Amino acid sequence: MQILNKNKTLLSLIAFLAIIFSIGMAFDYKAPEIEASATDNVSGWAWSENIGWISFNCTDTSSCGSSSYGVNINQTSGDFSGYGWSENIGWIDFAPSSGYPEAPNHGVKLESDNTVTGWAKVLSADLNGWDGWIKMSGSWANEVSRSSSSLIGYAWGSDVVGWVQFNPAFGGVSYSGGAIPPPGECNDGIDNTDTDILIDMADPGCLSPLDTSEDQTPNFILGFAVGSSDNLTADLLSGQPVTSTETSIKVTMADTGDPAFSGPVQLSVLSSDLPGATYNWSSTTINSPYSDTVTFSVNVPTGTPDGTYTITIKGEGGGSSDTVPIYLNSSTKNIKFEEL
């Protein structure tokens with residue numbers, strides 16, 4: 001009798017543990033640690049024929065007090081973060097860090113052209129043998145994109161989830177943020193990523209993610225260009241010291257209206273292959289707004305051989321510099337006669 005009682009107790013314990021184990025298996029994935037999402041900028045419902053509604057924010061279900069979740073889009077990078085929720089498949093991570101099945105190798109992202117790219121991951125997918133990946137764009141029509149204050153189009157979640165519609169007739173996913181600025185560009189629309197040699201390529205853009213002005217720090221690689229109006233000529237065969245013709249030196253800013261640099265540009269002769277020459281400047285400084293020009297000429301010493309000489313002018317200011325070569329040629333032509 002004592003053994004029978006012990007067996008009953010053991011069986012009861014086994015049954016209890018089995019129940020606990022079953023509950024544990026049912027909730028094998030843990031709800032991520034997330035914050036209440038009234039401050040997140042994505043909300044609303046997407047729809048899948050296979051698994052039903054997907055909520056993007058706990059405010060959709062009035063559950064923020066007990067089950068806080070939400071999806072947010074970074075206003076500078078466009079990267080999604082946070083979690084959505086489905087009653088049938090559980091948590092959906094919009095910023096998975098690795099394991100993407102194919103390119104693009106990143107989580108969900110709103111691009112500056114308003115397309116949405118990347119991957120979301122269903123966290124409970126491994127329970128039923130599905131890898132859990134949902135792709136935002138691919139080779140299909142109506143990929144996910146931003147349209148004003150909404151996210152629209154279709155994502156693809158394999159045969160398990162199928163097509164996920166972001167703008168179904170009786171739901172829809174809302175987005176309360178704005179457009180994502182192109183990389184390196186401020187909201188003022190000045191392009192700082194242009195590869196033209198005159199563009200201030202090291203200008204980092206905005207003082208803050210949503211700033212509407214350019215960075216005021218003079219920190220570009222090349223903020224201005226130095227140019228000349230003409231080459232120089234001189235009578236190199238006169239046998240006397242002579243002064244060349246004049247050329248005008250001008251400074252041109254890289255970006256019209258870019259206030260990042262407005263200091264003076266100092267001019268000098270960086271190098272010359274004309275020995276003994278001296279130089280005449282109307283001024284060696286050009287000040288903002290750089291509309292003035294200065295004149296430059298060369299005093300050529302006696303005995304300078306006929307030929308072409310290179311004089312390199314340098315402009316320097318605000319940590320940036322630029323050079324321009326000016327050529328000095330003889331103004332006297334040697335006419336040679338050949339016997340026929």
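Values below: every heavy atom of this structure, side chains too, minus hydrogens, waters and symmetry copies. Values in this document were obtained by computation on a predicted structure and should not be read as measured data.
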(Q) Measuring centre to centre across the rings, with the benzene-like ring taken for any Trp, is Tyr83 within less than 6.0 Å of Phe56? (A) no
Q) Would Trp91 and Tyr69 count as a close aromatic pair, with their ring centres under 6.0 Å? A) yes
For [X] and [Y], which heavy atoms make the closest approach, and how far apart are they?
X      : Y      : result
Ala155 : Ile134 : CB-CG2, 3.9 Å
Pro301 : Pro275 : CG-O, 3.3 Å
Ser67  : Cys58  : O-CB, 3.4 Å
Ile180 : Asn74  : CD1-O, 3.5 Å
Thr302 : Gln240 : OG1-C, 3.9 Å
Asp235 : Ser238 : O-OG, 3.2 Å

Q | side-chain contact (heavy atoms from CB on, under 4.5 Å) assessment of Tyr309 paired with Thr304 | A | CA-CA 10 Å; Tyr309 299 90; Thr304 298; 3.5 Å; yes
[X] side, atom [atom1]; [Y] side, atom [atom2] - distance, nearest 0.5 Å:
X      : Y      : atom1 : atom2 : answer
Ile73  : Asp40  : CD1   : CG    : 10.0 Å
Lys121 : Tyr100 : NZ    : OH    : 10.5 Å
Lys109 : Asp79  : NZ    : CG    : 5.5 Å
Asn231 : Thr310 : CG    : OG1   : 9.0 Å
Asn41  : Leu110 : CG    : CG    : 9.5 Å
Ser297 : Asn280 : OG    : CG    : 3.5 Å

Q) For residues 164-179, which residue pairs qualify under salt bridge (charged side-chain N to carboxylate O under 4.0 Å, His left out), counting only residues two or more places apart or in two chains? A) none
Q. Which salt bridge (charged side-chain N to carboxylate O under 4.0 Å, His left out) pairs, counting each pair once, include a residue from residues 94-108, with sequence neighbours left out?
A. Glu102-Lys135
Partners passing side-chain hydrogen bond (donor to acceptor under 3.5 Å, both in side chains) against [X] (at least two apart in sequence or in another chain):
X      : answer
Ser63  : Thr61
Glu87  : none
Ser244 : none
Tyr175 : Gln75

Q.
Would Val300 and Leu328 count as a side-chain contact (heavy atoms from CB on, under 4.5 Å) here? Give the steps.
A. CA-CA 10 Å; Val300 181; Leu328 174 68; 3.9 Å; yes
Side chains of [X] and [Y], heavy atoms from C-beta outward: is any pair under 4.5 Å?
X      : Y      : answer
Pro101 : Trp119 : yes
Trp47  : Val164 : no
Leu123 : Ile92  : no

Holding to side chain to side chain contact (heavy atoms under 4.5 Å, CB included), I want the full list of residues that pass it with [X], two or more places apart in sequence or in another chain.
X      : value
Ser150 : Ile152
Val294 : Ile249, Leu267, Trp281, Ser282, Ser283, Ile286
Thr278 : Asn299

Hydrogens and angles aside, do [X] and [Y] bring a side-chain donor and acceptor to less than 3.5 Å of each other?
X      : Y      : value
Asn329 : Thr308 : yes
Thr117 : Glu111 : yes
Asn50  : Ser48  : no

Tell me whether [Y] is reachable from [X] by hopping between hydrophobic residues (I, L, V, M, F, W, Y) whose side-chain heavy atoms are closer than 4.5 Å.
X      : Y      : answer
Trp156 : Phe80  : no
Val122 : Trp53  : no
Val251 : Val269 : yes

Q) Okay, side chain of Asp306, backbone of Leu236: is any donor-acceptor separation there less than 3.5 Å? A) no
Q.
So does Thr295 get a backbone contact from the side chain of Ser248, meaning a donor-acceptor N/O pair under 3.5 Å?
A. no
Which residue pairs satisfy the side chain to side chain donor-acceptor pair (under 3.5 Å) criterion with at least one member in [range], sequence neighbours excluded?
range            : result
residues 157-168 : Tyr154-Gln165
residues 265-276 : Gln266-Thr285, Ser271-Thr312, Ser272-Tyr279
residues 137-149 : Asn114-Arg146

(Q) So, applying side chain to side chain contact (heavy atoms under 4.5 Å, CB included) with Ile326, which one of Asp230, Val298, Leu232 is it? (A) Leu232
Q) Only one of Val173, Asp60, Asn57, Ile54 clears side chain to side chain contact (heavy atoms under 4.5 Å, CB included) with Trp45; which? A) Asp60
